[in-house]
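Read the structure below first, then the notes.
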Amino acid sequence: MPIHRSGDILPSEITPPGIYRERRRFMQGVGALAAGAALGVAPDARAGVRLAGVRRSAYVLNEEKTPYKAVTSYNNFYEFGTGKSDPAANAGGLKTRPWTVAVEGEVGRPGVYDIDTLLKLAPLEERVYRMRCVEGWSMVIPWVGFPLSELIRRVAPTGNAKYVEFVTLYDPSQMPGQLSRVLDWPYVEGLRLDEAMHPLTILAVGLYGEVLPNQNGAPIRLVVPWKYGFKSAKSIVRIRFVEKPPLTTWMRAAPQEYGFYSNVNPHVDHPRWSQAKERRIGDFFKRDTLMFNGYGPQVAQLYRGMDLQRFF
Ligand SMILES: Nc1nc2c(c(=O)[nH]1)N[C@H]1C(S)=C(S)[C@@H](COP(=O)(O)O)O[C@H]1N2
Ligand SMILES: [Mo]
């Protein structure tokens, strides 16, 4: 099976300097997104560097945060290996600057946007979210990021945009896990447009007030707290607006196990294990898993009238 569908842009093709500069000039005429680019000085991008001007948000969960050490050493990021400690061990070499995110498909303002431009798009906020992995563990993570809706608004989706596809970098020279066929690379995830626009959905660029460590998806990753962790694609290089539900990596790998929605739901078990309970990393005893990971009051209306056993 080909690694890339024909017509795909290889991440390595996004940044040829000539095209990049040309697009950048184009963007500077486009307004909102370009305004930040003209400000110049890029923030220091190194993992662990303090992020300036982070606002407190209204979305701060009042639960004990998972220690920094656990958040950054117990990870799923198959591009760097399938073991929990592999990402921390192997992601150090990922080059997160320069970095661009291509915005494509059904949008009025497609383009290749520089990460430092995206960082200035909206004020950075702290969001303390409960995160639940489909494997049955959870964490409470203080993310730093901005609402995905801020980006979506600026790129102006057309009336045909019903879904949003997120694609992770494909570069086996930097991501040694991609030399293995454990998944069909690049990693692809997707959301319905209204899920993508929801105020809880963010693009994260940091955690614990600092630049995101590579193992957590630097320089920019999705965070969707009411869905299983695998929906939150890391190290994103492409966001595509489409009419049909994207074929996600996990649906491709095991369609009977992973549906498109993947909302946290204690009443819908994974075919191979129960989802009723979870172990918060650091705890000894398991706790009950909450419907929509506890975010039901905010998100349940997105799924009104849907059979959640069928649309799992
Ligand atoms: N590109 C990519 N994104 C990914 C994954 C992955 O393997 N590759 N794993 C997912 C899974 S299963 C989880 S639980 C979360 C883990 O995020 P964290 O390590 O920052 O806690 O990332 C998700 N995003
Ligand atoms: Mo996960």
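Quick caveat, the model's predicted, so the values are computed rather than measured.
- Side-chain contact check for E189 versus T168: every heavy-atom pair is 4.5 Å or farther apart.
- Residues T201 and L222 form a side-chain contact, since some pair of their non-hydrogen atoms from C-beta on lies under 4.5 Å apart.
- With sequence neighbours excluded, the residues forming a side-chain contact (heavy atoms from CB on, under 4.5 Å) with V128 are V60, L61, K65, E126, V140, P142, listed by chain and number.
- Every residue two or more places apart in sequence or in another chain that forms a side-chain contact (heavy atoms from CB on, under 4.5 Å) with Y68 is listed here: T72, L207, Y208, E210, P213.
- Side-chain atoms of I152 and F241, non-hydrogen and from C-beta on, do get closer than 4.5 Å to each other.
- The closest donor-acceptor contact from the side chain of W250 to the backbone of E257 lies at 3.5 Å or more, if one exists at all.
- Using a 4.5 Å heavy-atom threshold, the side chains of N263 and F311 count as separate.
- A donor-acceptor pair shorter than 3.5 Å cannot be found between the side chains of Y129 and W226.
- Remark: E243 engages no residue in a salt bridge (Lys or Arg N to Asp or Glu O under 4.0 Å) (not counting sequence neighbours).
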Residue pair K234, F166: steps toward the side-chain contact (heavy atoms from CB on, under 4.5 Å) verdict: CA-CA 9 Å; K234 294 177 167 181; F166 303 87; over 6 Å; no
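- Side-chain contact check for R221 versus L203: every heavy-atom pair is 4.5 Å or farther apart.
- Checking side-chain atoms of R154 against main-chain N and O of E150 turns up a donor-acceptor pair under 3.5 Å.
- Residues meeting the side-chain hydrogen bond (donor to acceptor under 3.5 Å, both in side chains) test with E195, sequence neighbours left out: K227, Y303.
- Applying the side-chain hydrogen bond (donor to acceptor under 3.5 Å, both in side chains) test to Y258 and every residue at least two apart in sequence or in another chain returns H270.
- In this structure S138 satisfies the side-chain hydrogen bond (donor to acceptor under 3.5 Å, both in side chains) test together with E278, R280, sequence neighbours excluded.
- L290 pairs by the side-chain contact (heavy atoms from CB on, under 4.5 Å) definition with R130, not counting sequence neighbours.
- If you chain together hydrophobic residues whose side chains sit under 4.5 Å apart, V242 and V103 fall into the same group.
- For the 3.5 Å distance criterion, the side chains of N75 and K84 fail to qualify, holding no donor opposite an acceptor.
- Annotation: side chain of Y228 is not in contact with side chain of N293 (no heavy-atom distance under 4.5 Å).
- With sequence neighbours excluded, the residues satisfying salt bridge (Lys or Arg N to Asp or Glu O under 4.0 Å) with E125 are R127.
- A search for ring pair (Phe, Tyr, Trp, His ring centres under 6.0 Å) contacts involving F146 returns nothing, not counting sequence neighbours.
- H267 is not listed as a side-chain neighbour of L308, based on a closest heavy-atom distance of 4.5 Å or more.
- The distance from the CD atom of E79 to the OH atom of Y170 is 11.0 Å, given to the nearest 0.5 Å.
- Looking at residues two or more places apart in sequence or on another chain, you find no salt bridge (Lys or Arg N to Asp or Glu O under 4.0 Å) involving K95.
- For D307, there are no salt bridge (Lys or Arg N to Asp or Glu O under 4.0 Å) partners two or more places apart in sequence or in a different chain.
- Qualifying ring pair (Phe, Tyr, Trp, His ring centres under 6.0 Å) partners for Y74, counting only residues two or more places apart in sequence or in other chains: W137.
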